[in-house]
Amino acid sequence: MAEPLWLPLKENRIAQATFAVVGIMSTLVIYGILQEKIMRVPYGPNKEYFSYSLFLVFCNRITTSAVSAGVLLASKKALDPVAPLYKYGVVSVSNILTTTCQYEALKYVSFPVQTLAKCAKMIPVMIWGAIIMQKKYQGQDYLFAFLVTMGCSLFILYQGADDISPFNRGRESTVWGVSLMIGYLGFDGFTSTFQDKLFKGYDMEIHNQIFYTTVCSCLLSFIGLILQSNLLMAIDFVSRHHDCFFDIALLSTVATASQFFISYTIRTFGALTFATIMTTRQLVSILLSCLWFGHPLSWEQCIGAVIVFGSLYARSFLKTKQKAAPSLEMTETKAPGPS
């Protein structure tokens with residue numbers, strides 16, 4: 001009996017989906033664990049903490065720019081900038097501030113708190129979308145944004161009593177950590193929205209934007225390290241702690257690899273499937289972090305997490321029913337690096 005023609009297509013689709021899910025989940029879960037380890041776990045017998053966030057940004061961006069240049073050359077695509085250079089620079093500055101706030105926040109709040117707080121990016125994305133892109137949103141977008149923000153607030157305000165940070169100074173640390181996360185959300189929302197405007201305003205290939213944005217980020221983060229006098233100090237730290245050097249090298253590698261998995265998933269399955277995968281990744285990352293680093297969760301935090309992820313999954317389900325309706329694109333499709 002002849003094999004149905006649709007069977008190989010279905011099997012190929014399953015293989016593509018498996019490749020996308022495994023690629024995104026593995027790279028970004030490893031990325032999350034590594035960034036918490038680097039910023040919150042001491043190195044060496046003297047228990048020294050790595051505190052040079054901008055050096056991590058520099059390493060991540062120089063790796064990504066090198067790989068994206070290689071992809072452009074291998075595919076024989078033009079390296080010439082499509083948009084004015086200052087527009088790439090705007091994205092670079094915003095992205096550097098986003099990533100620096102993200103790393104610095106880990107000194108004062110736990111990774112589960114930071115990860116769940118990222119879900120609240122719906123609010124700044126909606127604000128920047130209205131300002132920059134003149135977008136209109138539906139009532140359900142505002143409802144889900146409110147529910148996610150409420151769940152995040154519960155998770156942040158009722159942290160486990162025994163969750164210790166190396167930089168912990170009680171309430172002051174919580175306020176500073178939340179302030180950094182608000183900065184992260186604001187800059188991240190601007191970065192995503194401005195990149196969306198670049199893609200729509202210019203005939204821009206994704207690797208072209210990745211290359212020029214990350215090259216600008218390399219230069220800016222290098223200048224920042226020089227001005228802060230932190231470059232030599234960071235190099236000295238990793239030269240004395242080889243395990244830290246390995247962690248940073250692996251962090252940069254998985255950060256770069258994740259961008260290509262993200263690009264492949266969006267191109268093959270669309271933004272909705274990608275958003276669902278990313279929501280699942282955040283949930284898995286929180287659970288692994290709690291198990292690996294021993295973060296206690298209060299019952300209020302559990303309720304907050306249920307509200308957040310329940311809202312996100314419900315929103316994804318509703319969007320499958322209303323694909324034609326204009327709605328908020330709450331995805332992490334930023335080219336320069338993962339969050």
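The basis for the numbers below is simple: all heavy atoms, side chains too, and nothing from hydrogens, waters or symmetry mates. Just so we're clear, the structure is a prediction, and the values are computed from it rather than from any experiment.
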Nearest-0.5 Å distance that lies between atom [atom1] in [X] and atom [atom2] in [Y]:
X    : Y    : atom1 : atom2 : value
C59  : I62  : SG    : CD1   : 8.0 Å
F222 : L227 : CZ    : CG    : 10.5 Å
L56  : S51  : CG    : OG    : 10.0 Å
N46  : R240 : CG    : CZ    : 8.5 Å
I33  : Y31  : CD1   : OH    : 13.5 Å
T213 : N95  : OG1   : CG    : 8.0 Å

Single hit among T63, T27, T64, T214 for side-chain hydrogen bond (donor to acceptor under 3.5 Å, both in side chains) with T256: T64

Side-chain contact, heavy-atom cut-off 4.5 Å: [X] with [Y]?
X   : Y    : value
T98 : F190 : no
Y43 : D247 : yes
K87 : P84  : yes
P42 : E48  : no

Worked verdict on T99 versus R61 for side-chain hydrogen bond (donor to acceptor under 3.5 Å, both in side chains): CA-CA 11 Å; T99 312; R61 301 305 180 259; 2.7 Å; yes

Chi angles and distances behind the ring pair (Phe, Tyr, Trp, His ring centres under 6.0 Å) call for Y86, Y88: CA-CA 5 Å; Y86 79 88; Y88 295 105; 9.5 Å; no

Minimal non-hydrogen separation, [X] against [Y], with atom names:
X    : Y    : answer
S217 : I96  : O-CD1, 3.5 Å
Y212 : S92  : O-OG, 4.4 Å
A105 : M181 : CB-SD, 3.7 Å
Q35  : L251 : N-CD1, 3.9 Å
M39  : Y103 : CE-O, 3.7 Å
L54  : S221 : CD2-O, 3.6 Å

[X], [Y]: one ILVMFWY side-chain cluster at the under-4.5 Å cut-off?
X    : Y    : result
V93  : I223 : no
I226 : F58  : yes
V254 : F246 : yes
V306 : F146 : no

CA sep, side-chain torsions, deciding dist, call: I235, F55, side-chain contact (heavy atoms from CB on, under 4.5 Å): CA-CA 9 Å; I235 293 173; F55 185 75; 4.2 Å; yes

Please check if the side chain of [X] supplies one atom and the backbone of [Y] the other of a donor-acceptor pair under 3.5 Å.
X    : Y    : result
T100 : L97  : no
S75  : L72  : yes
S26  : G23  : yes
S252 : I248 : yes
S65  : F211 : no

Partners passing side-chain hydrogen bond (donor to acceptor under 3.5 Å, both in side chains) against Q228 (at least two apart in sequence or in another chain):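 Q228 satisfies side-chain hydrogen bond (donor to acceptor under 3.5 Å, both in side chains) with N230 only.
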
Audit row: Y184, L180, side-chain contact (heavy atoms from CB on, under 4.5 Å) steps and yes/no: CA-CA 6 Å; Y184 162 83; L180 285 167; over 6 Å; no

Audit row: F237, H241, ring pair (Phe, Tyr, Trp, His ring centres under 6.0 Å) steps and yes/no: CA-CA 6 Å; F237 188 97; H241 302 287; 4.6 Å; yes

Qualifying residues under side-chain contact (heavy atoms from CB on, under 4.5 Å), relative to F19, sequence neighbours excluded: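 So F19 forms a side-chain contact (heavy atoms from CB on, under 4.5 Å) with F261, Y264.
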
